Amino acid sequence: FVQWNSAYGRSSGYLPVPYKILGLVRATGPDTGEPVSYVYESRPDLRTKQSIFWEGKHTPGEDVVTLAYRYLWDDWKVRSHTIEARYRRQIGERWWIEPQGRFYRQTAADFYRQFLVEPEAPPAHASADYRLGELPTTTSGLKAGHRLASGTEAHARGEDSRRTGHRTPNW
């Protein structure tokens, strides 16, 4: 089984998250690097996103192997790659387990800033929202399930998601 998909989306209007702020940091003097004030974020009022997606499933016997890839890009210069793999292993007639791995890499929006520097003039758009920054993430997980006598399934899942390579300012 193979699935292909593409998506196009356009958002307009007030796109900032209300009350998100950026630190304004002093560039010179005895308090260099210290926050001196805060300003509200500002994002463009238009965003166009596009993505392509592919997923393939293979069934060796009772098991199911799934591989998926998604590429997303937008006019804010965000680019992301997502690769996911799952392997559903049948254990007996009613039990199964499914380990999973997911790798996600995202570039920062062209207006992403961890902070602004005083006395430079603030840019037209700036946001410190980590979701618009460089975002490398690795997720691993395990799902276990049991087919009930009625034919329905009950399952439980546990996942560990880690953001790697992120640096936070020292203030």
Side-chain angles (χ1 to χ4, degrees), residues 1-57 66-87 98-143 157-171:
F1 173 77
V2 174
Q3 174 185 351
W4 287 93
N5 188 359
S6 64
Y8 174 88
R10 186 176 175 113
S11 303
S12 64
Y14 183 73
L15 300 179
V17 177
Y19 312 113
K20 284 264 185 203
I21 57 174
L22 287 98
L24 188 59
V25 176
R26 184 162 291 139
T28 59
D31 296 331
T32 299
E34 293 295 318
V36 294
S37 183
Y38 298 95
V39 296
Y40 287 104
E41 77 166 16
S42 170
R43 299 181 189 186
D45 58 4
L46 184 64
R47 185 178 189 185
T48 302
K49 292 201 285 190
Q50 299 177 72
S51 67
I52 56 173
F53 173 80
W54 173 89
E55 182 178 70
K57 292 184 182 276
T66 304
L67 293 173
Y69 173 76
R70 184 185 73 147
Y71 177 65
L72 177 137
W73 67 99
D74 70 9
D75 56 356
W76 289 1
K77 304 295 187 257
V78 173
R79 307 286 183 263
S80 72
H81 300 271
T82 308
I83 300 169
E84 184 171 0
R86 295 187 305 272
Y87 179 70
E98 185 179 80
Q100 170 225 347
R102 181 176 184 262
F103 304 96
Y104 179 78
R105 300 293 179 263
Q106 171 185 300
T107 61
D110 56 358
F111 56 88
Y112 174 77
R113 307 283 185 278
Q114 286 187 335
F115 52 87
L116 298 176
V117 178
E118 184 188 66
E120 295 175 11
H125 302 292
S127 175
D129 188 338
Y130 76 94
R131 296 169 298 181
L132 293 173
E134 189 175 305
L135 194 57
T137 309
T138 303
T139 303
S140 58
L142 181 66
K143 183 177 181 180
R157 176 189 301 265
E159 292 184 346
D160 179 49
S161 186
R162 298 188 185 256
R163 185 171 174 199
T164 57
H166 174 67
R167 292 184 8 226
T168 305
N170 292 332
W171 44 272

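Because the structure is predicted, anything quoted here is derived from the model rather than measured.
Checked for salt-bridge contact, Asp75 and Lys49 miss the test: no charged N lies under 4.0 Å from a carboxylate O. The existence of a salt bridge linking Asp160 and Arg162 is confirmed by a sub-4.0 Å separation between a basic side-chain nitrogen and an acidic carboxylate oxygen.
In this view, Ser11 satisfies the side-chain hydrogen bond (donor to acceptor under 3.5 Å, both in side chains) rule with no residue, not counting sequence neighbours. Partners of Asn5 by side-chain hydrogen bond (donor to acceptor under 3.5 Å, both in side chains), not counting sequence neighbours: none found. Legend: residues meeting side-chain hydrogen bond (donor to acceptor under 3.5 Å, both in side chains) with Arg47, ordered by chain and number and at least two apart, are Asp74. Listed by chain and residue number, Trp76 satisfy the ring pair (Phe, Tyr, Trp, His ring centres under 6.0 Å) test with Phe111 (two or more places apart in sequence, or in another chain). Contacts of Glu84 classified as side-chain hydrogen bond (donor to acceptor under 3.5 Å, both in side chains), with partners at least two apart in sequence or in another chain: Arg86, Gln100. With sequence neighbours excluded, no residue forms a ring pair (Phe, Tyr, Trp, His ring centres under 6.0 Å) with Tyr87.
Using modelled atom types, one finds a donor on one side chain and an acceptor on the other under 3.5 Å when comparing Ser127 with Glu41.
Sparse packing is recorded around OH of Tyr19, with 12 or fewer heavy atoms of other residues, nucleotides or ligands lying under 6.0 Å away. Atom CZ of Arg10 is surrounded by 12 or fewer heavy atoms from other residues, nucleotides or ligands within 6.0 Å.
Using a 4.5 Å heavy-atom cutoff, the side chains of Asp129 and Arg43 are in contact. In this structure, the side chains of Pro122 and Val39 stay at 4.5 Å or more apart for every pair of heavy atoms.
No donor-acceptor distance shorter than 3.5 angstrom exists from the side chain of Gln3 to the backbone of Lys57, with no hydrogens or angles considered.
A distance of 10.5 Å separates CZ in Phe115 from CG in Leu22, rounded to the nearest 0.5 Å. Note that the CD atom of Glu98 and the NZ atom of Lys143 stand 5.5 Å from one another [nearest 0.5 Å].
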Practice problem: Please test Thr66 against Glu55 for side chain to side chain contact (heavy atoms under 4.5 Å, CB included), starting from the C-alpha separation and ending with a verdict. | Solution: CA-CA 7 Å; Thr66 304; Glu55 182 178 70; 3.6 Å; yes
Practice problem: Show your working on side chain to side chain donor-acceptor pair (under 3.5 Å) between His81 and Tyr69 and close with a plain yes or no. | Solution: CA-CA 7 Å; His81 300 271; Tyr69 173 76; 2.6 Å; yes
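Across all non-hydrogen atoms, the minimal contact from Leu135 to Arg163 is CD1-NE, 3.1 Å. Among all heavy-atom pairs drawn from Leu46 and Ser12, the shortest one is CD1-CB, 3.8 Å. Shown here for Ala85 and Leu67, the closest heavy-atom pair between the two residues is CB-CD2, 3.6 Å.
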